[in-house]
A.B. asks: 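The structure under discussion is supplied below as structure tokens; questions concerning it will follow.
Residue numbers run from 1 in the order of the sequence given. All of these numbers come straight from a predicted model, not from anything done at the bench.
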Amino acid sequence: MKHRYSLIIALFLLSTKIMAAGQIPLSEGMSIHEMLKTKFIEGNPLFMSMVAITLILGLVFCIERILYLSFAEINRKKFISKLEGLYKKDKEEALDFCRRKRGPIASICFQAILHSEEPRQDIERAIVAYADVEISKLEKGCTWITLFIALAPSLGFLGTVIGMVISFDNIEMAGDISPTVVAGGMKVALITTIFGIIVAVILQIFYNFILSRIESLTSQMEQVSIELMDIICSDSSSAES
């Protein structure tokens, strides 16, 4: 294992020195758009198109989730403070206030107030049941994002295999193992793999961001549920006394 890491570090340092010495020519006078277009064509348009479609579809689901989660967030402290005043004043006004607010927090509060006349255990059961429904709504579409994260490098590796097959076909036809014969297929293999990994990394970053937002909303839902139960129980105790 140590020898493997040493070899990787040595290759990295060697490639850095070669780049610094200018032995690997860089494309000059080409914009990023032109370079990507060139590499897209060199990497076999069929497989590169599949990787590009995977990126587009994955980003569509990511953007949809980010927008949905953004609209679902509210100011928890301000919301619960106003809800407490309305609940103590009139439960119907509190229900109407929750109904007009969007997001899982308002929905859970609505269900809790709707069952506020029932025993504490029934209220908690209603909150837990509806919280599961809201969490499933928050996570809707995430399975598709994970699919595209796994699909992108898989398509890249498929292009790698196809590129290797092309290389061997060229070798068989030419009857020679010269670098010129092998280079075409190897280029397809490497480019498709690189783009597939890049797509997976991009989607993984978005996916982790979405998961962090879901965890934040779930935590807020738990805090609001506890605070609202205290409000309902304190109001019930004062009414009985």
A.B. asks: Between S116 and A112 (side chain of the first, backbone of the second, donor and acceptor by atom type, cut-off under 3.5 Å), is there such a pair?
C.D. replies: no
A.B. asks: Looking at L83 and C98, what are the two nearest heavy atoms and their distance?
C.D. replies: CD1-SG, 3.6 Å
A.B. asks: Heavy atoms, side chains only, cut-off 4.5 Å: are R76 and E227 in contact?
C.D. replies: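 R76 vs E227: side chains touch.
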A.B. asks: What distance separates H115 NE2 from F110 CZ, expressed to the nearest 0.5 Å?
C.D. replies: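 The CZ atom of F110 is 9.5 Å from NE2 of H115, to the nearest 0.5 Å.
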A.B. asks: Look only at the side chain of S81 and the backbone of K78, and say whether a donor-acceptor pair between them is shorter than 3.5 Å.
C.D. replies: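 Flag not set: sc S81 to bb K78 has no pair under 3.5 Å.
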A.B. asks: Are the side chain of T218 and the backbone N or O of I214 linked by a donor-acceptor pair below 3.5 Å?
C.D. replies: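 Indeed, once roles are kept as given, a pair shorter than 3.5 Å links the two residues.
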A.B. asks: Please report whether the ring centroid of F61 lies less than 6.0 Å from that of F206.
C.D. replies: no
A.B. asks: So, S154 side chain and A150 main chain: donor-acceptor pair closer than 3.5 Å or not?
C.D. replies: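 Side chain of S154 to backbone of A150, a donor-acceptor pair under 3.5 Å: yes, one is there.
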A.B. asks: Sub-3.5 Å donor-acceptor pair from the side chain of R65 to the main-chain atoms of L138, do we have one?
C.D. replies: yes
A.B. asks: Is the side chain of T146 donor-acceptor paired with the backbone N or O of T143 at a distance under 3.5 Å, no angle test?
C.D. replies: yes
A.B. asks: Check whether any side-chain N or O of R102 sits under 3.5 Å from a backbone N or O of F71 as a donor-acceptor pair, and report yes or no.
C.D. replies: yes
A.B. asks: Return each pair, listed once, that meets salt bridge (Lys or Arg N to Asp or Glu O under 4.0 Å) where at least one residue sits in residues 119-129; pairs must be two or more places apart or across chains.
C.D. replies: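 The answer is R120-E124, D122-R125.
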A.B. asks: Quick check: do I135 and E139 have side-chain heavy atoms less than 4.5 Å from each other?
C.D. replies: yes
